[in-house]
2 protein chains.
Amino acid sequence: MKFESVTIKDIAKVLHLSTSTVSRALRDSYEISEETKKLVVEYAKSVNYRPNPSALNLKKRRSRTLGITISEIANSFFSQIIAGVESVAQEKGYNVIISQSFENFEREQEAVRNLSQSVDGMLISLSSETKSLEHIEQLQDRGMPVVFFDRITKSLEGHKVRSNNFKGAFQATAHLIQNGYTRIAFVGNPDNLAIIKERKRGYDEALESHQIPPTEAYIKYCLHGGLSYDEVERVMEELLQLENPPQAILSCADKITTNCYRYLVKHDIRIPDQMALVGFSNLDLTEFLHPSLSIIQQKAVTMGVQAAELLIQQIESKRPVVDFSEIVLEPDFFARASSAPSDPGK
Amino acid sequence: MKFESVTIKDIAKVLHLSTSTVSRALRDSYEISEETKKLVVEYAKSVNYRPNPSALNLKKRRSRTLGITISEIANSFFSQIIAGVESVAQEKGYNVIISQSFENFEREQEAVRNLSQSVDGMLISLSSETKSLEHIEQLQDRGMPVVFFDRITKSLEGHKVRSNNFKGAFQATAHLIQNGYTRIAFVGNPDNLAIIKERKRGYDEALESHQIPPTEAYIKYCLHGGLSYDEVERVMEELLQLENPPQAILSCADKITTNCYRYLVKHDIRIPDQMALVGFSNLDLTEFLHPSLSIIQQKAVTMGVQAAELLIQQIESKRPVVDFSEIVLEPDFFARASSAPSDPGK
DNA sequence: CTGAAAGCGCTAACAG
DNA sequence: CTGTTAGCGCTTTCAG
């Protein structure tokens with residue numbers, strides 16, 4: 001089954017004109033008489049003519065398509081990002097192709113390589129298993145505009161949009177300490193991600209500024225980004241089996257937060273009395289959970305919007321962009337019941 | 001800035017071969033000697049050759065791209081659908097372009113027309129304001145494979161994947177009645193959507209089978225699909241201002257359910273004592289809300305998977321498909337606290 | 001003001 | 001087994 005559609009040639013034939021005249025008339029060229037233009041434009045409208053995008057792409061060497069690679073769509077943070085990206089793309093006449101890495105390096109490489117031929121530019125949030133950036137560097141070397149968002153890297157140039165991760169983690173950790181928790185675990189994605197390093201730094205400094213010595217055993221990294229419940233379950237069990245288990249958890253990824261919460265409820269570990277929880281999350285309705293969940297919320301839609309705007313700007317720029325911006329969005333912290341002990345100071 | 005990439009011509013030049021030989025070698029044609037093949041394939045790999053998709057599309061008249069039009073991405077149901085679609089698309093080597101209607105008819109028309117030139121087939125869930133199907137019929141007439149999912153229509157042919165909406169609504173309503181509620185409101189998207197008609201029918205029949213007379217004032221349709229909180233707020237206020245307000249609400253859309261819940265909590269209307277709530281929802285963690293939310297949950301990921309599989313099958317079918325399937329997925333009903341009165345039978 | 005022709009990257013007859 | 005050629009739909013010189 002093939003889709004039949006009207007071409008410029010068809011129009012030319014019917015109107016007894018050449019394809020070039022039709023082409024020019026349609027793009028309102030000054031060299032075409034008003035009459036001819038009108039004739040062509042009206043006929044084109046009547047047959048619902050739409051230019052073939054592939055032909056246009058081939059000719060113009062651009063596709064008016066943006067690529068975006070993320071870990072997975074089924075994640076409130078990323079779907080909000082996408083909503084933001086789509087909104088500016090739609091407005092500026094671009095399409096968006098999504099590619100998921102599922103936190104896997106090979107899949108990310110493959111996705112990036114695949115997209116590279118189909119898009120005018122790319123929005124990238126690195127996977128948590130990414131160990132090298134060659135695949136991206138190659139693209140950039142050949143002139144592909146790349147904007148990094150969320151999980152950015154210091155190693156490559158390009159526009160970057162990220163949250164103030166240090167602050168988010170610092171604030172949340174300090175909040176836990178103020179609420180009387182001293183044994184605080186840090187659970188996050190692997191720290192080859194700069195974003196996690198930053199959050200870890202926020203956590204570390206908050207402890208330090210309150211004279212709480214760090215505990216190595218409280219630091220846990222989920223290799224697969226907490227994508228599966230099992231992974232988080234394992235981490236939780238390791239933490240609980242410590243001689244001196246933590247009293248609170250700072251979770252550093254949307255999926256991990258959700259799965260921690262699920263684990264605690266499932267195992268009848270009372271939140272916050274037996275275990276307090278604060279996490280990065282962009283889920284809706286966390287305020288209505290029981291207990292309500294304290295969260296660090298990122299400005300996901302805004303992040304998508306800004307990243308897409310920078311990307312389109314770079315794509316449409318006449319001269320190579322050399323001056324890159326790094327936009328930092330402030331996360332919002334919501335202190336709720338999951339981190340407020342009924343008996344503070346215990 | 002344009003993206004430079006290696007073409008078949010470049011390879012041909014370097015290896016002193018013709019472009020056709022290179023082309024054939026790359027697609028492992030039987031007419032090419034093993035040596036030449038090896039030479040070409042290896043060189044191609046070394047320079048990271050990737051065929052230009054636009055050129056391929058133009059030639060083959062297909063894009064290996066699926067289009068999907070939905071109301072909006074920032075909706076748990078639809079993002080799960082997309083996750084399902086993406087998974088089979090990725091597996092079968094297709095890209096996916098998403099288009100959002102935001103429940104607006106004009107935007108849907110525009111989206112469909114836009115996509116029509118860029119995709120090999122389309123997955124469509126109608127917007128709640130869609131009043132005519134010409135734009136889709138036109139596509140189909142010109143041979144574009146279209147698979148309807150979720151919000152399907154009886155008026156057009158094509159594969160269809162949907163939930164058993166009648167049953168979902170019937171079950172939830174019957175559950176409310178069994179829990180002692182008799183004054184039950186129905187809040188949904190406009191009933192030009194067949195899916196809503198079905199849910200309404202489920203609601204009606206559940207009432208009827210328990211000898212509860214219907215009350216016109218309890219039936220509310222959100223014109224914009226409950227996309228904005230304000231819309232739902234208005235509906236809720238209308239319901240509460242009735243002389244004899246309902247005791248329970250059956251909400252028939254993800255967004256409406258969330259916004260109803262939010263409204264009730266915000267206005268300190270105790271759930272379920274002052275107002276019970278059951279709704280269609282695919283949100284995560286509804287079980288942990290306080291009170292936990294009774295939901296009718298659709299098999300969203302499966303729906304995406306099946307719809308995408310049918311679409312690809314139709315796209316790749318040699319002969320026009322005339323025999324269309326309609327897949328019906330059974331929703332899961334979870335009875336929770338939001339519909340279980342402490343004082344049943346009141 | 002309009003047309004003829006070339007070319008974007010690729011495939012597929014058709015020739016050898 | 002390999003090369004020449006035409007053409008997918010469109011834009012764009014270059015000629016008239």
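When reading the values below, keep in mind they use all heavy atoms of this one structure, side chains included, and skip hydrogens, waters and symmetry mates. Protein chains get the first letters and strands the later ones, always in sequence-line order, with residue 1 at the start of each.
Nucleotide D:dA6 holds its C1' atom 13 Å from the CG atom of B:L58, rounded to whole Å. Note: CD1 (B:I32) to P (D:dT2) measures 5 Å, nearest angstrom. Straight-line distance from the CG atom of A:D10 to the C1' atom of D:dC8: 13 Å, rounded to whole Å. Spacing between atom CG of A:N52 and atom C1' of D:dC8 amounts to 8 Å, rounded to whole angstrom units.
For the pair A:E110 and B:R50, the salt-bridge criterion is met [side-chain N within less than 4.0 Å of a carboxylate O].
Figure legend: cation-pi geometry between A:R64 and A:Y94, with NZ or CZ positioned under 6.0 Å from the six-membered ring centre and within 45° of its axis.
The backbone N or O of A:S155 sits less than 3.5 Å from a side-chain atom of A:T153, completing a donor-acceptor pair. With hydrogens and angles disregarded, a donor-acceptor distance shorter than 3.5 Å links the side chain of B:E108 to the backbone of B:S127. Looking at B:S132, its side chain does come within 3.5 Å of a backbone N or O of B:E134 through a donor-acceptor pair. For the pair A:N52 (side chain) and A:T7 (backbone), a donor-acceptor distance under 3.5 Å is absent.
In this model, no donor atom of one side chain and acceptor atom of the other lie less than 3.5 Å apart for A:N95 and A:T65.
Taking B:S128 as the reference, B:E103, B:R151, B:N189, B:P190, B:L193 meet the side chain to side chain contact (heavy atoms under 4.5 Å, CB included) condition, with sequence neighbours excluded.
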Can you give me every donor-acceptor pair (side chain of residues 35-42 of chain B, partner residue at least two apart or in another chain, under 3.5 Å) with its distance?
residue	atom	partner	partner atom	Å
B:T36	OG1	B:S33	OG	2.6
B:K37	NZ	B:D28	OD1	3.0
B:K37	NZ	B:S29	O	3.1

Fill in the blank from the handout: In 5'-to-3' order, the base (B), backbone-only (S) or no-contact (-) status of each nucleotide in nucleotides 11-16 of chain D, using a 4.0 angstrom heavy-atom cut-off, is BBBB--
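The nearest heavy atom of DNA chain D to B:V22 and to B:A55 marks one nucleotide each, and the one closer to the 5' end goes with B:V22.
Residue B:T36 has a polar side-chain atom (N or O) positioned under 4.0 Å from OP1 or OP2 of D:dT2.
In summary, contact between chain A and DNA chain C, defined as any nucleotide atom under 4.0 Å from a heavy atom of the protein, begins and ends at C:dC1 to C:dG9 in the 5' to 3' direction.
Interatomic distance, OG1 of A:T21 versus CD1 of A:I11, reported as 12.0 Å (0.5 Å rounding).
Evaluation of the ring pair (Phe, Tyr, Trp, His ring centres under 6.0 Å) test over residues 117-146 of chain A, restricted to residues two or more places apart or in two chains, returns A:F105-A:H135.
Note that the two end axes of the helix from C:dC1-D:dG16 to C:dG16-D:dC1 enclose an angle of 50°, each drawn from 5 base pairs, rounded to 10 degrees.
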